[in-house]
Amino acid sequence: MIAYVLAMREEAQPLISHFALQRCKTTTLFPVFYNAQTWLTICGVGKANAAAAVTELFHVVRHKRDAVWLNVGIAGHADLPIGTLRSAHSVLDGASRQRWYPPQVLMRRVASGALTSVDAPETAYPDDSLYDMESAGFYSAALRCSTAEVVQCLKIVSDNREHGTDRLSPQGITELVAAQVKIIAEICAELREATYSLRADQEIDPGLSELLGKHRFSVTQQRQLMRLAQRLAARAPQQPLLDDELASARSSREVLRALEQRLDTLPVFPHAG
Amino acid sequence: MTRLVYIEDAVAAHPRAQRILAHFAKATRVHCSRYSEVFNPRAQNFRLQKSDPALLLARKLNKLVLPAPTGYAIGGLNNYYFSHMLNCVYDCRYCFLQGMFRSAHYVVFVNYEDFAQAIDGVLAQHRDEDCWFFSGHDCDSLAYDPLTGFAQWALECFAARPRAQLEFRTKSTQIRSLLARPALNNVVVAFSFTPQSVHAALENKVPGIDKRIAAMLQLAHAGWRIGLRFDPLIYSEGYAVDYGQLFERVFSDLPVSSVHSVSFGAFRLPRDSFKTLVNLYPGEPLLAGPLNTDAAMVGYRDNLETELLEFCRARLSDYVGDNKLYPCQP
């Protein structure tokens with residue numbers, strides 16, 4: 001799943017169109033759009049709004065822990081050309097001076113830069129940094145929802161010393177984001193793939209739910225059952241979890257014992273030989 | 001290919017940092033106050049980061065030299081370790097480093113001169129006694145050497161400190177710095193090996209066994225003292241054949257007189273590290289094996305461990321005798 005957080009409707013519109021998102025009918029504090037894989041919220045300007053919108057979207061998507069979280073939007077920079085796309089390799093809260101370093105391991109398609117989150121529009125661009133108003137709030141909140149490698153800020157340069165904020169128009173903002181939608185979608189797909197690759201190892205045989213439905217397992221036993229099923233899948237990936245012995249087990253304890261016995265019959269190190 | 005280098009402000013002008021940075025002309029440079037701001041935060045995934053780790057250049061401020069863990073000794077009484085680097089360029093599925101750090105980025109501490117001072121401090125505590133210093137606890141001592149220049153510095157440092165014994169521990173073939181100078185008799189170059197099946201399955205990016213043996217023989221012929229590390233020993237039903245073949249391969253051309261020490265220990269991990277690894281790699285068969293997961297140090301069930309250790313001890317003893325054998329059990 002991908003969760004987009006954007007400040008303005010003008011920034012969000014190209015993504016809403018690209019992914020054919022529909023408006024969520026549930027009452028929410030911030031407008032939420034979605035399709036099967038993608039969620040988007042429009043948080044308004046400022047880091048407090050961004051943090052609140054992340055929190056709300058996290059609840060809307062039912063606390064999904066392995067989502068990709070992206071803050072996409074426009075930003076100022078002293079001299080980068082208008083329309084340049086950058087991911088943030090550091091996010092500085094200009095007010096508190098707290099700094100985060102989003103890992104860039106999966107961000108191979110786009111160059112990165114420093115990003116400073118300010119409380120009022122920055123028109124002097126004092127450092128070699130992008131300037132926005134949401135990233136600090138977004139990042140600090142989204143980092144609680146997923147692993148840092150898939151929590152990223154993608155910024156498109158909208159103003160610089162040559163081309164000030166006074167020349168920004170709503171239509172111009174939409175066009176800047178629209179020009180980068182394809183690459184943004186590709187980056188997101190790669191991030192999502194990375195989370196899938198992690199999840200593939202966690203997948204458990206469907207027979208597990210059958211066992212859980214058939215017998216009463218304590219919480220500790222459920223944990224034991226999960227790990228035994230995982231160990232079986234690791235050492236004998238072709239073997240289905242459910243066999244005759246497990247099907248005829250009469251209690252949770254018998255299920256666990258049968259699984260342990262089955263593991264004992266497998267080669268210790270299946271790579272050998 | 002390292003795309004991103006984080007640089008602590010305090011070492012940005014350090015000549016060693018500059019030399020390392022020269023290798024990464026195209027990499028993006030990110031300045032930070034302390035490497036821990038990048039390396040230590042929670043919510044990082046070691047497995048994802050291992051696909052493309054960044055490099056951090058930092059200064060080690062304290063605890064530069066620490067007492068070596070129990071079972072690390074190879075004949076000395078005073079055993080210490082120091083780490084010029086955190087994390088390893090290789091990706092071995094049995095390695096405890098995966099469970100030790102939150103980040104897979106490589107940290108290089110460029111203030112080697114402070115390590116020398118700390119080593120002097122330890123030597124001063126043990127007047128008239130030798131002290132061992134192990135350099136491959138938190139990293140491979142030599143794998144990154146063409147970039148870090150660690151070996152050259154370490155050799156100069158230890159050449160001037162004859163009471164200090166140094167162990168380089170490596171799975172690499174980066175031995176140019178050693179071959180470029182006469183052998184030192186207070187330095188041991190220790191190579192780690194596992195059988196071919198284990199190497200193929202669990203040691204990602206590690207040079208092949210034959211290449212490592214060739215590097216080891218070059219050093220032996222140049223007069224360097226060689227260490228052999230069969231740690232971890234990995235159990236399989238065919239372990240006797242696999243380890244028998246491995247030992248034969250390793251010792252066939254190696255003069256026993258070059259061998260300083262042979263250490264061996266069964267696969268084991270601290271329980272917390274084991275749990276972290278299972279979370280990172282739930283589908284890894286090694287971690288799903290018959291392990292005693294309730295113990296503080298997770299390892300093979302007793303009978304398997306004893307069987308494996310006894311076999312290897314007997315075989316290794318045939319090659320080098322008992323006086324050079326060191327079991328590394330905690």
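The sequence lines fix the lettering, A, B, ..., with proteins before strands; numbering per chain opens at 1.
- Looking at Val268(A) and Pro290(B), their side chains come closer than 4.5 Å, going by heavy atoms from C-beta outward.
- Pro282(B) and Ala234(A) get closest at one heavy-atom pair: O-CB, 4.1 Å.
- Of the possible donor and acceptor atoms, one in the side chain of Glu149(A) sits under 3.5 Å from a partner among the backbone N and O of Asn45(B).
- Within the 3.5 Å criterion, the main-chain N or O of Met107(A) finds a donor-acceptor partner in the side chain of Arg3(B).
- Heavy atoms closer than 4.5 Å to chain B are found nowhere in Leu228(A), neither backbone nor side chain.
- Put simply, the side chain of Arg108(A) never gets that close to the backbone of Asp52(B): no donor and acceptor are under 3.5 Å apart.
- No more than 12 heavy atoms of other residues, nucleotides or ligands shown are found within 6.0 angstrom of NZ on Lys211(B).
- Within 6.0 Å of CD on Glu210(A) lie no more than 12 heavy atoms contributed by other residues, nucleotides or ligands.
- Heavy atoms of Ser146(A) lying under 4.5 Å from chain B belong exclusively to its backbone.
- Looking at Pro237(A), neither its backbone nor its side chain comes within 4.5 Å of chain B, counting heavy atoms on both sides.
- Residues Leu266(A) and Glu237(B) approach most closely at O-OE2, 4.2 Å, considering heavy atoms.
- Of the inter-residue distances, the one linking His89(A) atom NE2 with Arg29(B) atom CZ reads 12.5 Å to the nearest 0.5 angstrom.
- Contact of Ile234(B) with chain A is made through the side chain alone, with heavy-atom distances under 4.5 Å.
- The part of Tyr6(B) that comes within reach of chain A is its side chain, from C-beta onward, which places non-hydrogen atoms under 4.5 angstrom from that chain.
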| request: Under the side chain to side chain contact (heavy atoms under 4.5 Å, CB included) rule, what do Arg227(A) and Val278(B) come out as? Steps first, then yes or no, please. | output: CA-CA 10 Å; Arg227(A) 182 58 191 145; Val278(B) 169; 3.5 Å; yes
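- Proximity to chain A is limited to the side chain of Thr28(B), based on heavy atoms less than 4.5 angstrom apart.
- Within a 6.0 Å radius of CD in Glu254(A), other residues, nucleotides and ligands contribute more than 12 heavy atoms.
- Shown here for Arg235(A) and Gly289(B), the closest heavy-atom pair between the two residues is NH1-CA, 3.5 Å.
- In this structure, Ser197(A) OG and Arg47(B) CZ are separated by 6.0 Å, a value rounded to the nearest 0.5 Å.
- The two residues Ala201(B) and Phe269(A) come nearest to each other via the heavy atoms CB-CZ, 4.0 Å.
- Of all the listed residues (Leu286(B), Leu48(B), Val241(B), Val38(B)), the one sharing the greatest number of non-hydrogen pairs under 4.5 Å with chain A is Leu48(B).
- Between His105(B) and Val105(A) the shortest side-chain heavy-atom distance falls below 4.5 Å.
- The contact between Arg301(B) and chain A is made entirely by side chain atoms (from C-beta outward), counting heavy-atom distances below 4.5 Å.
- Here the side chains of Val30(B) and Gln104(A) are not in contact, with every heavy-atom distance at 4.5 Å or above.
- Proximity to chain B (any heavy atom under 4.5 Å) is shown, for Ala233(A), by neither the backbone nor the side chain.
- Taken to the nearest 0.5 Å, the CG atom of Leu106(A) stands 9.0 Å off from the CD atom of Gln49(B).
- Other residues, nucleotides and ligands contribute over 12 non-hydrogen atoms within 6.0 Å of the CG atom of Asn204(B).
- With a 6.0 Å radius and a threshold of 12 heavy atoms from other residues, nucleotides or ligands, Asp302(B) has its CG atom at or below the threshold.
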